[in-house]
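Notes follow once the structure below has been shown.
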Amino acid sequence: MGLNLKDLVVREKTTLEAFSTKVIAIDAYNAIYQFLASIRGPDGLQLTDSEGRITSHLSGLLYRNVNFLSLGIKPVYVFDGKPPSLKTAEIERRKQTKKDATVKYEKAIAEGNMEDARKFAQQTTSMKDGMVKESKKFLTYFGIPYIDAPSEGEATAAHLTNTGQAYASASQDYDSILCGAKRLVRNFTSSGRRKIPNRNTYIDVLPEIIETQKTLDAIGLTREKLIDVGILIGTDFNPNGFERIGPKTAMKMIKQYSRLEDIPQIQEQLQEIDFQQIRQIFLNPDVADVDEIVFNEVDYDGITSYLVNERNFSEDRIQSTLNRLKKALEKKSQNLDQWF
DNA sequence: CTAGTATA
DNA sequence: TATACTAGG
């Protein structure tokens, strides 16, 4: 869920092409979860192989990574480790949402309301351990590196932007900014087609880049203060935020009083959360230090045999998709050869 | 979500 | 050529 900083950040529209040659640290859980939620049939059910195992995440990773590599973008996927213990309440809340959605899904199916069925099915999305393993194996066929974060993936992704090992962190969640990422890219896709909720229309959402320093300068806060703003609005570690405080009020309060401890009207509620520890999760997160991020050659045969033989993807589709990638990469190496 | 195809 | 729609597994 993350936190709602959308009204506060300074965002600039951009394109995927702008990230050519750049290493981008991708919040793996965030990306795969979206594939699992949205790559579904009209009934809301995910795509599966002949054994009934879900393949939506593989389909999403295939097309998206082919696009990345074709454009010369160097993705490195960062997987979540163990969540901070303060996240337990939020994790429970999400579980309950899924349970409720399952009931609503079954009701919609019984009533033959396919649109609702699809909507609620999406809300039941959960990621299984097997899917994480499969995704890692699949990335390896592409020669794409991945990193196992000790805790939140976003924190390690943010860290990589500061060591200079990645240009930006890619995620839909704004947490990366509180984690100190230099840059966050949202909508890091080529098509960006999104369905408008409850309407049968789609809009094109372009990639957007948020430079953390620009945002801090524009709103006139330090990262430490922005973290306190985040805590007032509500984070994964205090999901409810504070009563009757949204982004606007939160900003006003921190500008006036500088920090949570000094805002008189919230002191009672402040006792109920471990705000010191929440600050530390953002300010000093547990991250992976990475020696070197290595990109390997694409194993075309590996991809084909895995998807076609083991997971029942159409051979024609895979062939033409991989040919597109091959051609793009050949063109790239030709362009490079011209320099020598 | 994305590619490919149908439609205007 | 641009946009709408749908199959994919």
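A, B, ... follow the sequence lines: proteins, then strands. Residue 1 opens every chain.
The distance from the CG atom of A/Asp116 to the OH atom of A/Tyr105 is 12.0 Å, given to the nearest 0.5 Å.
When the P atom of B/dT2 is taken as reference, atom CD1 of A/Ile32 falls 14 Å away, rounded to whole Å. Distance CZ (A/Arg118) to C1' (C/dC5): 13 Å, rounded to an integer number of Å. With rounding to whole Å, A/Leu58 atom CG is found 13 Å from B/dC1 atom C1'. The nearest whole Å value for the distance from the CG atom in A/Leu47 to the C1' atom in B/dT2 is 11 Å. A straight line from CZ of A/Arg40 to C1' of C/dG9 spans 13 Å, rounded to a whole angstrom. Between the CG atom of A/Leu71 and the P atom of B/dT2 there is a distance of 12 Å, given to the nearest Å. Whole-Å rounding puts the A/His57 NE2 to B/dC1 C1' distance at 14 Å. When rounded to the nearest whole Å, the span between OH of A/Tyr63 and P of C/dT6 equals 18 Å.
With sequence neighbours excluded, the residues that form a side-chain contact (heavy atoms from CB on, under 4.5 Å) with A/Asp262 are A/Tyr257, A/Arg259.
Near-neighbour residues of DNA chain C inside residues 307-327 of chain A, defined by a heavy atom below 4.0 Å, number-ordered: A/Arg311, A/Asn312, A/Phe313, A/Ser314, A/Arg317.
In the set C/dG9, B/dT2, B/dC1, the nucleotide with an atom closest to the side chain of A/Thr48 is C/dG9. Comparing atom distances between the A/Thr55 side chain and each of B/dA3, C/dG9, B/dC1 picks out C/dG9 as nearest. Here the side chain of A/Ile39 is nearest to one of B/dC1, C/dG9, B/dT2, namely B/dC1.
Between A/Phe188 and A/Phe19, the two ring planes are perpendicular [angle over 60°; tilted spans 30° to 60°].
Counted by atom type alone, A/Thr55 and A/Asp49 present zero donor-acceptor pairs between their side chains at under 3.5 Å. Counting only N and O atoms by type, the side chains of A/Arg324 and A/Asn67 include a donor and acceptor under 3.5 Å apart.
At B/dA3, one or more side-chain N or O atoms of A/Asn67 fall inside 4.0 Å of OP1 or OP2 (strictly under the cut-off).
Nearest heavy-atom pair, A/Ala149 versus A/Thr156, reported as atom, atom and distance to 0.1 Å: CB-OG1, 3.4 Å.
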Distance-only criterion, 3.5 Å: show the donor-acceptor pairs between side-chain atoms of residues 22-32 of chain A and protein atoms not counting sequence neighbours.
from	atom 1	to	atom 2	distance (Å)
A/Asp27	OD1	A/Asn30	N	3.4
A/Asp27	OD2	A/Ser171	OG	3.1
A/Asn30	OD1	A/Gln172	N	3.2

